[in-house]
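Every value quoted in this text rests on a predicted model; they were computed, and no experiment measured them. Order of the sequence lines sets the chain letters (A, B, ...), proteins ahead of strands, with each chain counted from 1. Atoms considered below: every heavy atom in the structure, side chains included; atoms not considered: hydrogens, waters and symmetry mates.
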Number of protein chains: 2
Amino acid sequence: MALEKETEEKIFTAAQEVFQKKGFDGARMQEIADEAEINKSMLHYYYRSKDKLFMAVFQAGVKKILPKLLGVLGSDKTLEEKVVQIVDFYYYIFKVNPYLPAFVIHEMNMHPERFRDFIISSQIQIPQKFKEQVEQEVADGRIMEIKPEQFLINIVSMCMMPVIAKTMVQVIFSFDEREYKEFLKERKAQIPELIMKGVKP
Amino acid sequence: MALEKETEEKIFTAAQEVFQKKGFDGARMQEIADEAEINKSMLHYYYRSKDKLFMAVFQAGVKKILPKLLGVLGSDKTLEEKVVQIVDFYYYIFKVNPYLPAFVIHEMNMHPERFRDFIISSQIQIPQKFKEQVEQEVADGRIMEIKPEQFLINIVSMCMMPVIAKTMVQVIFSFDEREYKEFLKERKAQIPELIMKGVKP
DNA sequence: GTCTATATAACGATAGAC
DNA sequence: GTCTATCGTTATATAGAC
(Lines give C-alpha, C1' and ligand atoms only; values in the text may rest on other atoms or scores of the structure.)
Protein backbone atom coordinates (compact mmCIF):
# COMPACT_ATOMS: atom_id res chain seq x y z
CA MET A 1 0.00 0.00 0.00
CA ALA A 2 0.92 3.64 -0.19
CA LEU A 3 1.89 3.94 3.45
CA GLU A 4 3.68 0.62 3.70
CA LYS A 5 7.20 1.86 3.26
CA GLU A 6 6.52 5.01 5.18
CA THR A 7 5.33 3.06 8.21
CA GLU A 8 8.21 0.61 8.09
CA GLU A 9 10.66 3.50 7.92
CA LYS A 10 8.98 5.30 10.78
CA ILE A 11 9.28 2.13 12.87
CA PHE A 12 12.92 1.68 11.99
CA THR A 13 13.80 5.28 12.76
CA ALA A 14 11.98 5.14 16.08
CA ALA A 15 13.65 1.82 16.91
CA GLN A 16 17.06 3.33 16.22
CA GLU A 17 16.29 6.19 18.55
CA VAL A 18 15.10 4.00 21.42
CA PHE A 19 17.54 1.08 21.07
CA GLN A 20 20.58 3.29 20.75
CA LYS A 21 19.56 5.35 23.74
CA LYS A 22 18.42 2.57 26.10
CA GLY A 23 20.02 -0.61 24.77
CA PHE A 24 18.19 -3.84 23.94
CA ASP A 25 17.30 -4.70 27.53
CA GLY A 26 16.19 -1.19 28.43
CA ALA A 27 14.15 -0.60 25.28
CA ARG A 28 10.38 -1.21 25.29
CA MET A 29 8.35 -2.08 22.22
CA GLN A 30 5.62 0.28 23.46
CA GLU A 31 8.09 3.15 23.63
CA ILE A 32 9.22 2.48 20.07
CA ALA A 33 5.59 2.47 18.95
CA ASP A 34 4.95 5.76 20.75
CA GLU A 35 8.07 7.30 19.22
CA ALA A 36 6.91 6.17 15.76
CA GLU A 37 3.36 7.31 16.49
CA ILE A 38 1.88 3.98 15.42
CA ASN A 39 0.17 1.02 17.04
CA LYS A 40 2.33 -1.48 18.91
CA SER A 41 1.00 -4.35 16.80
CA MET A 42 2.59 -2.80 13.72
CA LEU A 43 6.04 -3.49 15.14
CA HIS A 44 5.34 -7.21 15.07
CA TYR A 45 3.59 -7.02 11.72
CA TYR A 46 6.69 -5.57 10.07
CA TYR A 47 9.50 -7.09 12.14
CA ARG A 48 7.93 -10.14 13.84
CA SER A 49 9.87 -9.79 17.10
CA LYS A 50 11.87 -7.40 19.26
CA ASP A 51 14.94 -9.44 18.48
CA LYS A 52 14.62 -9.08 14.73
CA LEU A 53 13.89 -5.36 14.96
CA PHE A 54 16.91 -4.94 17.15
CA MET A 55 19.19 -6.84 14.80
CA ALA A 56 18.09 -4.63 11.91
CA VAL A 57 19.03 -1.55 13.92
CA PHE A 58 22.29 -2.99 15.17
CA GLN A 59 23.48 -4.18 11.78
CA ALA A 60 22.62 -0.86 10.20
CA GLY A 61 24.61 0.84 12.94
CA VAL A 62 27.70 -1.27 12.33
CA LYS A 63 27.42 -0.67 8.60
CA LYS A 64 27.39 3.06 9.18
CA ILE A 65 30.81 2.90 10.81
CA LEU A 66 33.04 0.01 9.78
CA PRO A 67 32.91 0.04 5.95
CA LYS A 68 33.70 3.74 5.82
CA LEU A 69 36.53 3.36 8.33
CA LEU A 70 38.03 0.44 6.40
CA GLY A 71 37.68 2.46 3.21
CA VAL A 72 39.88 5.17 4.66
CA LEU A 73 42.45 2.61 5.82
CA GLY A 74 42.62 1.01 2.39
CA SER A 75 43.08 4.22 0.41
CA ASP A 76 46.25 5.60 -1.23
CA LYS A 77 46.74 8.44 1.25
CA THR A 78 49.74 8.86 3.51
CA LEU A 79 49.58 7.60 7.07
CA GLU A 80 49.29 11.11 8.41
CA GLU A 81 46.45 11.94 6.05
CA LYS A 82 44.64 8.78 7.10
CA VAL A 83 44.89 9.70 10.76
CA VAL A 84 43.26 13.05 10.05
CA GLN A 85 40.55 11.40 7.95
CA ILE A 86 39.73 8.85 10.64
CA VAL A 87 39.46 11.55 13.28
CA ASP A 88 37.25 13.61 10.98
CA PHE A 89 35.07 10.60 10.28
CA TYR A 90 34.55 9.73 13.95
CA TYR A 91 33.67 13.29 14.80
CA TYR A 92 31.16 13.25 11.97
CA ILE A 93 29.59 10.11 13.42
CA PHE A 94 29.41 11.65 16.89
CA LYS A 95 27.69 14.68 15.40
CA VAL A 96 24.97 12.91 13.44
CA ASN A 97 24.58 9.91 15.76
CA PRO A 98 25.97 10.59 19.22
CA TYR A 99 24.64 7.39 20.86
CA LEU A 100 25.74 4.99 18.11
CA PRO A 101 29.32 4.18 19.19
CA ALA A 102 28.43 3.38 22.80
CA PHE A 103 25.40 1.41 21.64
CA VAL A 104 27.36 -0.82 19.25
CA ILE A 105 30.13 -1.47 21.74
CA HIS A 106 27.78 -2.25 24.61
CA GLU A 107 25.59 -4.62 22.64
CA MET A 108 28.61 -6.43 21.25
CA ASN A 109 29.84 -7.05 24.77
CA MET A 110 26.42 -8.23 25.92
CA HIS A 111 26.11 -10.85 23.16
CA PRO A 112 29.48 -11.49 21.52
CA GLU A 113 28.40 -14.77 19.92
CA ARG A 114 25.40 -13.10 18.31
CA PHE A 115 27.48 -10.75 16.20
CA ARG A 116 30.60 -12.66 15.29
CA ASP A 117 28.88 -14.33 12.36
CA PHE A 118 27.38 -11.10 11.12
CA ILE A 119 30.67 -9.24 11.14
CA ILE A 120 32.64 -12.12 9.70
CA SER A 121 30.03 -12.66 6.96
CA SER A 122 30.18 -8.93 6.19
CA GLN A 123 33.78 -9.40 5.08
CA ILE A 124 34.92 -6.84 7.61
CA GLN A 125 38.67 -6.95 8.07
CA ILE A 126 41.59 -4.57 8.18
CA PRO A 127 42.91 -3.80 4.67
CA GLN A 128 46.25 -5.40 3.90
CA LYS A 129 47.30 -2.10 2.37
CA PHE A 130 47.11 -0.36 5.74
CA LYS A 131 49.10 -3.06 7.49
CA GLU A 132 51.86 -2.95 4.88
CA GLN A 133 51.89 0.83 5.00
CA VAL A 134 52.54 0.89 8.74
CA GLU A 135 55.13 -1.87 8.45
CA GLN A 136 56.89 0.07 5.71
CA GLU A 137 57.02 3.19 7.85
CA VAL A 138 58.56 1.13 10.62
CA ALA A 139 61.05 -0.52 8.24
CA ASP A 140 62.07 2.87 6.88
CA GLY A 141 62.64 4.13 10.42
CA ARG A 142 60.09 6.92 10.09
CA ILE A 143 58.10 5.63 13.07
CA MET A 144 58.89 3.43 16.07
CA GLU A 145 58.35 -0.33 16.17
CA ILE A 146 54.55 -0.61 16.41
CA LYS A 147 51.95 -3.01 15.07
CA PRO A 148 49.29 -1.68 12.68
CA GLU A 149 46.56 -2.89 15.05
CA GLN A 150 48.00 -0.90 17.94
CA PHE A 151 48.34 2.18 15.79
CA LEU A 152 44.71 1.96 14.70
CA ILE A 153 43.40 1.38 18.20
CA ASN A 154 45.37 4.41 19.40
CA ILE A 155 43.42 6.67 17.05
CA VAL A 156 40.07 5.10 17.78
CA SER A 157 40.70 5.25 21.53
CA MET A 158 41.61 8.92 21.55
CA CYS A 159 38.49 9.80 19.58
CA MET A 160 35.85 7.52 21.05
CA MET A 161 36.65 7.22 24.74
CA PRO A 162 35.57 10.71 25.83
CA VAL A 163 32.38 10.30 23.78
CA ILE A 164 31.49 6.89 25.18
CA ALA A 165 32.30 8.09 28.71
CA LYS A 166 30.52 11.40 28.19
CA THR A 167 28.76 11.51 31.54
CA MET A 168 31.94 10.56 33.40
CA VAL A 169 33.94 13.32 31.69
CA GLN A 170 31.24 15.89 32.30
CA VAL A 171 30.89 15.05 35.97
CA ILE A 172 34.52 14.73 37.07
CA PHE A 173 35.51 17.91 35.20
CA SER A 174 32.25 19.74 36.07
CA PHE A 175 31.64 20.45 32.38
CA ASP A 176 28.28 21.75 31.24
CA GLU A 177 27.13 20.85 27.71
CA ARG A 178 28.95 23.78 26.14
CA GLU A 179 32.23 23.12 27.93
CA TYR A 180 32.04 19.44 27.04
CA LYS A 181 31.57 20.23 23.35
CA GLU A 182 34.46 22.66 23.51
CA PHE A 183 36.59 19.96 25.15
CA LEU A 184 35.86 17.55 22.29
CA LYS A 185 36.56 20.21 19.68
CA GLU A 186 39.89 21.01 21.28
CA ARG A 187 40.79 17.31 21.25
CA LYS A 188 39.96 16.98 17.60
CA ALA A 189 42.68 19.44 16.71
CA GLN A 190 45.23 17.77 18.98
CA ILE A 191 44.69 14.06 18.29
CA PRO A 192 46.52 13.72 14.93
CA GLU A 193 49.52 15.56 16.33
CA LEU A 194 49.56 13.45 19.53
CA ILE A 195 49.24 10.22 17.55
CA MET A 196 52.01 11.01 15.06
CA LYS A 197 54.46 12.49 17.53
CA GLY A 198 53.80 9.59 19.88
CA VAL A 199 55.08 7.05 17.37
CA LYS A 200 58.18 9.00 16.32
CA PRO A 201 61.28 6.78 16.55
CA MET B 1 22.59 -13.92 63.72
CA ALA B 2 25.76 -15.73 62.88
CA LEU B 3 25.04 -15.90 59.18
CA GLU B 4 23.69 -12.38 58.82
CA LYS B 5 26.81 -10.73 57.53
CA GLU B 6 27.76 -13.76 55.55
CA THR B 7 24.46 -13.78 53.69
CA GLU B 8 24.53 -10.05 53.01
CA GLU B 9 28.04 -10.35 51.64
CA LYS B 10 27.13 -13.32 49.48
CA ILE B 11 24.25 -11.30 48.04
CA PHE B 12 26.46 -8.31 47.39
CA THR B 13 29.16 -10.37 45.70
CA ALA B 14 26.61 -12.15 43.53
CA ALA B 15 24.96 -8.84 42.66
CA GLN B 16 28.32 -7.42 41.58
CA GLU B 17 28.88 -10.40 39.32
CA VAL B 18 25.49 -10.21 37.64
CA PHE B 19 25.03 -6.41 37.44
CA GLN B 20 28.51 -5.82 36.07
CA LYS B 21 28.10 -8.52 33.46
CA LYS B 22 24.53 -7.80 32.33
CA GLY B 23 23.82 -4.24 33.38
CA PHE B 24 20.85 -3.06 35.44
CA ASP B 25 18.25 -3.75 32.76
CA GLY B 26 19.65 -7.14 31.82
CA ALA B 27 20.14 -8.37 35.40
CA ARG B 28 17.50 -10.54 37.06
CA MET B 29 16.96 -10.78 40.80
CA GLN B 30 16.46 -14.53 40.43
CA GLU B 31 19.86 -14.88 38.76
CA ILE B 32 21.51 -12.95 41.58
CA ALA B 33 19.81 -15.22 44.10
CA ASP B 34 20.98 -18.31 42.21
CA GLU B 35 24.51 -16.95 42.01
CA ALA B 36 24.46 -16.29 45.78
CA GLU B 37 22.85 -19.67 46.42
CA ILE B 38 20.13 -18.16 48.57
CA ASN B 39 16.40 -17.61 48.35
CA LYS B 40 15.18 -14.72 46.19
CA SER B 41 13.26 -13.22 49.11
CA MET B 42 16.53 -12.61 50.92
CA LEU B 43 17.51 -10.01 48.33
CA HIS B 44 14.53 -7.90 49.35
CA TYR B 45 15.00 -8.58 53.01
CA TYR B 46 18.53 -7.15 52.94
CA TYR B 47 18.29 -4.55 50.18
CA ARG B 48 14.56 -3.81 49.84
CA SER B 49 14.61 -3.35 46.05
CA LYS B 50 16.57 -4.07 42.88
CA ASP B 51 17.27 -0.36 42.62
CA LYS B 52 18.88 -0.13 46.06
CA LEU B 53 20.92 -3.28 45.52
CA PHE B 54 22.11 -1.90 42.23
CA MET B 55 23.11 1.44 43.71
CA ALA B 56 25.18 -0.32 46.36
CA VAL B 57 27.04 -2.23 43.65
CA PHE B 58 27.47 0.80 41.42
CA GLN B 59 28.74 3.08 44.16
CA ALA B 60 31.19 0.45 45.35
CA GLY B 61 32.41 0.13 41.77
CA VAL B 62 33.05 3.84 41.41
CA LYS B 63 34.85 3.91 44.75
CA LYS B 64 37.15 1.15 43.58
CA ILE B 65 38.40 3.32 40.74
CA LEU B 66 38.18 7.06 41.26
CA PRO B 67 39.71 7.65 44.73
CA LYS B 68 42.79 5.60 43.85
CA LEU B 69 43.16 7.38 40.51
CA LEU B 70 42.85 10.79 42.12
CA GLY B 71 45.35 9.70 44.76
CA VAL B 72 47.94 9.06 42.07
CA LEU B 73 47.22 12.42 40.42
CA GLY B 74 47.64 14.27 43.70
CA SER B 75 50.95 12.70 44.70
CA ASP B 76 54.45 14.19 44.59
CA LYS B 77 55.68 12.07 41.68
CA THR B 78 56.83 13.45 38.34
CA LEU B 79 54.39 13.59 35.47
CA GLU B 80 56.06 10.67 33.74
CA GLU B 81 55.92 8.56 36.88
CA LYS B 82 52.23 9.36 37.27
CA VAL B 83 51.51 8.23 33.74
CA VAL B 84 53.13 4.87 34.45
CA GLN B 85 51.25 4.54 37.74
CA ILE B 86 47.89 5.31 36.13
CA VAL B 87 48.50 2.74 33.40
CA ASP B 88 49.56 0.18 36.01
CA PHE B 89 46.47 0.92 38.07
CA TYR B 90 44.04 0.52 35.17
CA TYR B 91 45.62 -2.73 34.13
CA TYR B 92 45.29 -3.93 37.71
CA ILE B 93 41.58 -3.05 37.64
CA PHE B 94 41.10 -4.90 34.36
CA LYS B 95 42.77 -7.92 35.85
CA VAL B 96 40.76 -8.20 39.04
CA ASN B 97 37.51 -6.79 37.68
CA PRO B 98 37.35 -6.94 33.89
CA TYR B 99 33.70 -5.91 33.55
CA LEU B 100 33.82 -2.97 35.97
CA PRO B 101 34.94 -0.14 33.66
CA ALA B 102 32.36 -0.84 30.94
CA PHE B 103 29.69 -1.32 33.60
CA VAL B 104 30.29 2.03 35.30
CA ILE B 105 30.47 3.94 32.04
CA HIS B 106 27.36 2.33 30.60
CA GLU B 107 25.22 2.85 33.69
CA MET B 108 26.34 6.46 34.01
CA ASN B 109 25.19 7.10 30.47
CA MET B 110 21.87 5.36 31.08
CA HIS B 111 21.03 7.49 34.12
CA PRO B 112 23.27 10.57 34.29
CA GLU B 113 21.05 12.41 36.76
CA ARG B 114 21.08 9.45 39.16
CA PHE B 115 24.83 9.61 39.74
CA ARG B 116 25.71 13.30 39.60
CA ASP B 117 24.74 13.82 43.21
CA PHE B 118 26.60 10.74 44.38
CA ILE B 119 29.84 11.69 42.67
CA ILE B 120 29.59 15.33 43.65
CA SER B 121 28.81 14.41 47.26
CA SER B 122 31.79 12.03 47.24
CA GLN B 123 34.08 15.03 46.82
CA ILE B 124 35.49 13.56 43.65
CA GLN B 125 37.46 16.13 41.72
CA ILE B 126 40.80 16.45 39.95
CA PRO B 127 43.56 17.44 42.41
CA GLN B 128 44.77 21.01 41.99
CA LYS B 129 48.30 19.68 42.33
CA PHE B 130 48.00 17.73 39.09
CA LYS B 131 46.60 20.70 37.18
CA GLU B 132 49.41 22.95 38.35
CA GLN B 133 51.97 20.29 37.55
CA VAL B 134 50.84 20.04 33.94
CA GLU B 135 50.61 23.81 33.61
CA GLN B 136 54.13 24.14 34.99
CA GLU B 137 55.48 21.63 32.46
CA VAL B 138 53.82 23.66 29.72
CA ALA B 139 55.17 26.97 31.09
CA ASP B 140 58.67 25.51 31.27
CA GLY B 141 58.41 24.38 27.66
CA ARG B 142 58.92 20.74 28.51
CA ILE B 143 55.61 19.74 26.91
CA MET B 144 53.33 21.29 24.32
CA GLU B 145 50.39 23.56 25.13
CA ILE B 146 47.83 21.10 26.54
CA LYS B 147 45.17 21.25 29.24
CA PRO B 148 45.50 18.90 32.23
CA GLU B 149 42.05 17.47 31.46
CA GLN B 150 43.09 16.52 27.94
CA PHE B 151 46.31 14.97 29.17
CA LEU B 152 44.44 12.83 31.68
CA ILE B 153 41.80 11.71 29.20
CA ASN B 154 44.57 10.72 26.77
CA ILE B 155 45.94 8.22 29.26
CA VAL B 156 42.55 6.88 30.29
CA SER B 157 41.47 6.55 26.65
CA MET B 158 44.54 4.59 25.61
CA CYS B 159 44.09 2.17 28.52
CA MET B 160 40.34 1.70 28.70
CA MET B 161 39.08 1.80 25.14
CA PRO B 162 40.40 -1.59 23.98
CA VAL B 163 39.07 -3.13 27.20
CA ILE B 164 35.62 -1.60 26.91
CA ALA B 165 35.45 -2.53 23.23
CA LYS B 166 36.89 -5.97 23.84
CA THR B 167 34.54 -7.86 21.55
CA MET B 168 35.00 -5.33 18.76
CA VAL B 169 38.79 -5.60 18.95
CA GLN B 170 38.70 -9.38 19.06
CA VAL B 171 36.39 -9.69 16.08
CA ILE B 172 37.89 -7.17 13.66
CA PHE B 173 41.42 -8.38 14.35
CA SER B 174 40.38 -12.05 14.61
CA PHE B 175 42.03 -12.33 18.02
CA ASP B 176 41.41 -15.33 20.20
CA GLU B 177 41.57 -14.87 23.97
CA ARG B 178 45.32 -15.41 24.11
CA GLU B 179 46.08 -13.00 21.27
CA TYR B 180 43.80 -10.38 22.79
CA LYS B 181 45.59 -10.60 26.14
CA GLU B 182 48.92 -10.36 24.35
CA PHE B 183 47.64 -7.28 22.51
CA LEU B 184 46.74 -5.58 25.79
CA LYS B 185 50.06 -6.50 27.34
CA GLU B 186 51.95 -5.06 24.39
CA ARG B 187 49.94 -1.84 24.71
CA LYS B 188 50.74 -1.50 28.37
CA ALA B 189 54.44 -1.22 27.59
CA GLN B 190 53.85 1.31 24.82
CA ILE B 191 51.26 3.67 26.31
CA PRO B 192 53.50 5.76 28.62
CA GLU B 193 55.98 6.29 25.79
CA LEU B 194 53.23 7.22 23.31
CA ILE B 195 51.64 9.62 25.77
CA MET B 196 54.86 11.42 26.71
CA LYS B 197 56.32 11.62 23.22
CA GLY B 198 52.95 12.78 21.92
CA VAL B 199 53.02 15.90 24.08
CA LYS B 200 56.62 16.85 23.38
CA PRO B 201 56.84 20.49 22.29
C1' DG C 1 16.35 -14.83 59.23
C1' DT C 2 14.67 -18.01 55.94
C1' DC C 3 11.31 -20.29 53.44
C1' DT C 4 6.73 -20.98 50.28
C1' DA C 5 3.19 -18.95 48.08
C1' DT C 6 1.28 -15.31 45.82
C1' DA C 7 0.11 -10.51 44.64
C1' DT C 8 0.68 -7.13 41.04
C1' DA C 9 2.33 -5.14 37.14
C1' DA C 10 4.66 -5.07 32.74
C1' DC C 11 6.29 -7.11 28.75
C1' DG C 12 6.38 -9.42 24.14
C1' DA C 13 3.44 -11.44 21.12
C1' DT C 14 -0.91 -12.95 18.78
C1' DA C 15 -5.95 -13.41 17.41
C1' DG C 16 -9.41 -11.60 15.03
C1' DA C 17 -12.48 -7.80 13.45
C1' DC C 18 -12.47 -4.33 10.03
C1' DG D 1 -2.48 -2.71 6.80
C1' DT D 2 -4.31 -1.17 10.96
C1' DC D 3 -6.85 -1.43 15.02
C1' DT D 4 -8.67 -3.46 19.86
C1' DA D 5 -8.51 -6.87 23.01
C1' DT D 6 -6.19 -10.30 25.21
C1' DC D 7 -3.11 -14.31 25.94
C1' DG D 8 0.93 -16.27 28.21
C1' DT D 9 4.97 -15.30 30.56
C1' DT D 10 8.07 -13.27 33.46
C1' DA D 11 9.57 -9.64 36.41
C1' DT D 12 9.76 -7.29 41.03
C1' DA D 13 7.98 -7.32 45.32
C1' DT D 14 5.34 -8.76 49.49
C1' DA D 15 2.56 -11.68 52.96
C1' DG D 16 2.74 -14.85 56.20
C1' DA D 17 4.17 -19.43 58.20
C1' DC D 18 8.00 -21.25 60.62
Side-chain angles (χ1 to χ4, degrees), chain A residues 1-61 99 103 106-107 110-111 113-115, chain B residues 1-61 99 103 106-107 110-111 113-115:
Chain A
M1 295 300 163
L3 295 182
E4 187 173 338
K5 198 165 191 182
E6 197 180 313
T7 301
E8 194 170 340
E9 277 181 11
K10 274 167 69 177
I11 292 174
F12 186 80
T13 304
Q16 277 190 310
E17 190 87 12
V18 175
F19 276 130
Q20 291 183 12
K21 211 163 182 170
K22 310 212 163 173
F24 178 82
D25 293 322
R28 295 290 165 254
M29 294 296 266
Q30 184 60 59
E31 192 180 350
I32 296 173
D34 293 345
E35 178 79 27
E37 294 178 304
I38 48 101
N39 192 285
K40 198 179 61 159
S41 299
M42 294 290 92
L43 301 181
H44 292 92
Y45 179 79
Y46 282 102
Y47 289 92
R48 286 191 54 81
S49 70
K50 182 183 182 182
D51 230 81
K52 287 188 170 58
L53 177 54
F54 170 80
M55 285 305 285
V57 168
F58 176 81
Q59 294 185 7
Y99 294 106
F103 165 72
H106 180 254
E107 296 301 337
M110 290 295 105
H111 304 282
E113 74 294 344
R114 232 173 170 179
F115 308 124
Chain B
M1 296 299 165
L3 296 182
E4 187 173 340
K5 198 165 190 182
E6 197 181 315
T7 302
E8 193 169 342
E9 277 181 11
K10 274 168 69 178
I11 292 175
F12 185 80
T13 305
Q16 277 190 310
E17 190 87 11
V18 175
F19 276 132
Q20 290 182 14
K21 211 163 183 170
K22 310 213 164 173
F24 178 83
D25 292 323
R28 294 290 165 256
M29 296 294 267
Q30 184 60 59
E31 191 180 350
I32 295 173
D34 294 345
E35 178 80 26
E37 294 178 305
I38 49 101
N39 191 286
K40 198 179 59 160
S41 299
M42 293 291 93
L43 301 181
H44 292 92
Y45 178 79
Y46 283 101
Y47 289 93
R48 287 191 54 80
S49 69
K50 180 182 182 183
D51 230 81
K52 287 190 169 57
L53 178 53
F54 170 80
M55 285 304 287
V57 169
F58 176 81
Q59 294 185 6
Y99 294 106
F103 165 72
H106 179 253
E107 296 301 337
M110 290 295 105
H111 304 282
E113 74 293 345
R114 234 173 168 179
F115 309 123

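- As rounded to whole Å, 12 Å separates atom P of C/dC3 from atom CD of B/E37.
- The CZ atom of B/R48 sits 10 Å away from the P atom of D/dA13 (whole-angstrom rounding).
- Contacts classified as salt bridge (Lys or Arg N to Asp or Glu O under 4.0 Å) and involving residues 21-35 of chain B (residues at least two apart or in different chains) are given here: B/K22-B/E31.
- Using cut-offs of 30° and 60° for the angle between ring planes, the A/F19 and A/F24 rings count as parallel.
- With distances taken from any side-chain atom of A/K50 to the nucleotides D/dC3, C/dA13, C/dC3, the minimum falls on C/dA13.
- Ring pair B/H106/A/H106 is parallel by interplanar angle, where below 30° counts as parallel and above 60° as perpendicular.
- Rounded to whole Å, atom P of C/dT14 lies 17 Å from atom OH of A/Y46.
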request  = Tell me, with the steps shown, if B/E17 and B/Y99 meet side-chain contact (heavy atoms from CB on, under 4.5 Å).
outcome  = CA-CA 9 Å; B/E17 190 87 11; B/Y99 294 106; over 6 Å; no

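- For B/H44 and D/dA13, the NE2 to P distance is 4 Å, given to the nearest whole Å.
- When rounded to the nearest whole Å, the span between CZ of A/F54 and C1' of C/dA13 equals 19 Å.
- Contact between the side-chain N/O atoms of B/Y45 and the OP1/OP2 oxygens of D/dA13 is not found at any separation under 4.0 Å.
- A heavy atom closer than 4.0 Å to some atom of DNA chain C occurs in no member of residues 12-33 of chain B.
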Polar atom pairs (N or O), protein with nucleotides 4-8 of chain C, under 3.5 Å:
residue	atom	partner	partner atom	Å
C/dT4	OP2	B/N39	ND2	3.2
C/dT4	O4	B/S41	OG	2.8

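- Within 6.0 Å of CD in B/E113 there are more than 12 heavy atoms belonging to other residues, nucleotides or ligands.
- With rounding to whole Å, A/I38 atom CD1 is found 12 Å from D/dT4 atom P.
- With values rounded to the nearest 0.5 angstrom, A/Q20 atom CD is found 11.0 Å from A/F58 atom CZ.
- The CD1 atom of A/I11 sits 15 Å away from the C1' atom of C/dG12 (whole-angstrom rounding).
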inquiry  = Test side-chain contact (heavy atoms from CB on, under 4.5 Å) on A/V57 and A/F103; report intermediate values, then the result.
reply    = CA-CA 10 Å; A/V57 168; A/F103 165 72; 4.3 Å; yes

request  = Begin from the C-alpha positions of B/F115 and B/M55 and carry the test side-chain contact (heavy atoms from CB on, under 4.5 Å) through to its verdict.
outcome  = CA-CA 9 Å; B/F115 309 123; B/M55 285 304 287; 3.5 Å; yes

